[in-house]
Protein chains: 4
Amino acid sequence: MFVLVNLKAYPCDPIEIAEAVRDVSDASGVDIAVAPQTAHLSQVAETGVETWGQHVSPVEHGSHTGSTLAEAVADAGATGTMLNHSENRLKLADIDAGLAAAERVGLDTTVCANNPEQVGAVAALGPDAVAVEPPELIGTGTPVSKADPDIVTDAVAAAEAVDENISVFCGAGISTGEDLVSARELGAEGVLLASGVAKADDPIAALEDLVEPL
Amino acid sequence: MFVLVNLKAYPCDPIEIAEAVRDVSDASGVDIAVAPQTAHLSQVAETGVETWGQHVSPVEHGSHTGSTLAEAVADAGATGTMLNHSENRLKLADIDAGLAAAERVGLDTTVCANNPEQVGAVAALGPDAVAVEPPELIGTGTPVSKADPDIVTDAVAAAEAVDENISVFCGAGISTGEDLVSARELGAEGVLLASGVAKADDPIAALEDLVEPL
Amino acid sequence: MFVLVNLKAYPCDPIEIAEAVRDVSDASGVDIAVAPQTAHLSQVAETGVETWGQHVSPVEHGSHTGSTLAEAVADAGATGTMLNHSENRLKLADIDAGLAAAERVGLDTTVCANNPEQVGAVAALGPDAVAVEPPELIGTGTPVSKADPDIVTDAVAAAEAVDENISVFCGAGISTGEDLVSARELGAEGVLLASGVAKADDPIAALEDLVEPL
Amino acid sequence: MFVLVNLKAYPCDPIEIAEAVRDVSDASGVDIAVAPQTAHLSQVAETGVETWGQHVSPVEHGSHTGSTLAEAVADAGATGTMLNHSENRLKLADIDAGLAAAERVGLDTTVCANNPEQVGAVAALGPDAVAVEPPELIGTGTPVSKADPDIVTDAVAAAEAVDENISVFCGAGISTGEDLVSARELGAEGVLLASGVAKADDPIAALEDLVEPL
């Protein structure tokens, strides 16, 4: 199982969480990565944790003021990036070009989607992974694996129909080890989570609880 | 073959072109439609020509000032709509919601895409048709069927891999009957064209030339 | 006082409301206009009511599929247009270009803004009128003139500081004649309203109630 | 005079340029800052150079995946930020909220605009500085101060009419010391430049040439 901890724009200490993720990942053997704000990438990567971008722009080197250039994200130490998170929905053509940008510099890619149909659509663009996150469950504390398990199994089927090598993750409402096990049983190979760790009083305890059943 | 004449924001007389399209379609038996500006939809539809929207918004009835509501587009007499034209690229989630809006009111749907990968992606969202239009060829006068025939055959294959019932159209640089025949030989069931008719000195002659070999 | 009835994407009959607005405007002598969906513009304008667009695109004639060309909006019978409604926020450069488009074809222009600072900003671009509409009050039924009268007086001051000839309207929560009188007393020369008329069981009665104290 | 070197998404070494800027600024006494990619902010700031963001998002702490949070930009060592560059045009409401975000964390703000009218508009939102950059001159090597000096003097007048304390910068085509002197003579208190330094074979020489006449 792969666990991606998305720090969004939360008022957390990204270094403290990065160190917690690094330590729990090392101790448990579970693959856990952190996606901080772009401006925090290099400081987070210096902790040694697996570091992901929250987004890269669909551009190459050039006159693109205000962009998030894949080369700069990789240069700062990231090894993967999310694209098309429900809080940052992209044009279809920009998902395609964002994937090209990420692949150009060797970043792993996870493209988010609202529902199984959109999972099938983004799978056709050739990412490493897709993540299904029903927007209505984000931040609710009710895991998608419990609220609507068919969304996860349908997403797995939609991705497999396009390419068996694409991993499927799920997100929205995931916070406990039990949620991870449910997600795995439904065919997901990873989870995206955010507030469950980033807003936890004790991030280490939250992470340990998360990976305990694995 | 289906022919969709996109009037874009060209300085043409939409009624004159609509009447030419209607007459040539009736005389030739070829299915030809016109997509005018939204503000011209009802006047164009009154000519009796098959009328398409250039776009519908991904919304339902509600507080959406400035939107192009599918219900209003249908009410004005349109029977189909384009989505995601390269001059009006949409977010993936909005293509999905725009298709839902169009289907809600019975509009036929054609979703445009830049390349075969994006054709595969939009096909997964369940439109009636997809149209491949390489942006670099739009307005050039060099038809995609001649400049890069593999794009058309790859687009047909990409759509078929998702759903055999989805029609594939092609566009960009199409202006003559010969271009239509080439497109058909490559597997396209229709074409999108614009300036070749909308900017023609004699739209009727341009249309007759177009459908002559069919 | 100028009253602009914005039909948004509401599930109303635009012709029925247009006729009600025309009749109440004629009977009362109050200047009332209707802003329907773009696809309904020509049918609404045929009733003889003063007809406004909800938006025009920042473009000239050309390759702009899916745009709302000012020429087409004027051609359909509109004599004015809104820009930058809070449900359709525009880039600053596009407000500027949208105003140029509207002025090119003689459409009156009203640019919306959230607060007095933004009113000052849009006034600098030279519209005919600005409208202050605090987003948090839209659709609440609590009129801005009562909830936060300083916003209206500050907006009037901000516009006057730029150009005394720019009219200031206010919107959000306006539905009764009393609201109109309050708005006028605060210095507004017009109001924007929507659901109070568009969703009324009896639009004529709602309009008559609105203009009664004027 | 203030000089802001915008690295855009150029294929340059941001640390090498940051050190050159720091050294030339120290030696000459001219205030020169660098605006790198967000992902490079902390490494650039560590050189001791004055560091600016190319953009901040119009958001507060919260669920904003893929945003460029002002707090994170400041935390990485930036002391100022650009907003609304012509390559990253923003909605008017987002310029307003982006300024609020920047001010919340003490970042200096420079808002870009295409023309004097837009300079007047952004000045009304209360930034520390505005920068006029005619898009058609960006990257041309022809300085705005030579190609169209009235744009600079009109921009200065437009900003002063709103608030005398707002600095006016100019950009587009600036690359030599002579261009800086011309800009100053037209009333500009600073310049924005990019390729003239970022793409120079010898950034130190380019910077020394730039500040030599001051």
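Naming: A, B, ... by sequence-line order, numbering from 1 per chain.
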Study note, to complete from the structure: Shortest non-hydrogen pair, Ala121(B) vs Ala124(A), comes out as N-CB, 3.5 Å
Point to revise | Heavy atoms from other residues, nucleotides or ligands near CD of Glu178(B) exceed 12 (cutoff 6.0 Å) | key: no
Exercise for review: Answer with side chain, backbone, both or neither: which region of Leu90(B) has an atom nearer than 4.5 Å to a non-hydrogen atom of chain A?
Suggested key: backbone
Point to revise | Residue, of Pro116(B), Ala93(B), Ala158(B), Gly120(B), that accumulates the most heavy atom pairs under 4.5 Å with chain A | key: Ala93(B)
Point to revise | Side-chain heavy-atom pair Leu92(A), Lys91(B) within 4.5 angstrom cut-off | key: no
**Study point:** Asn115(B) portion near chain A, given a 4.5 angstrom heavy-atom threshold
**Key:** side chain
Exercise for review: Measure across Asp96(A) and Gln118(B) and return the closest heavy-atom pair with its distance rounded to 0.1 Å.
Suggested key: OD2-NE2, 2.6 Å
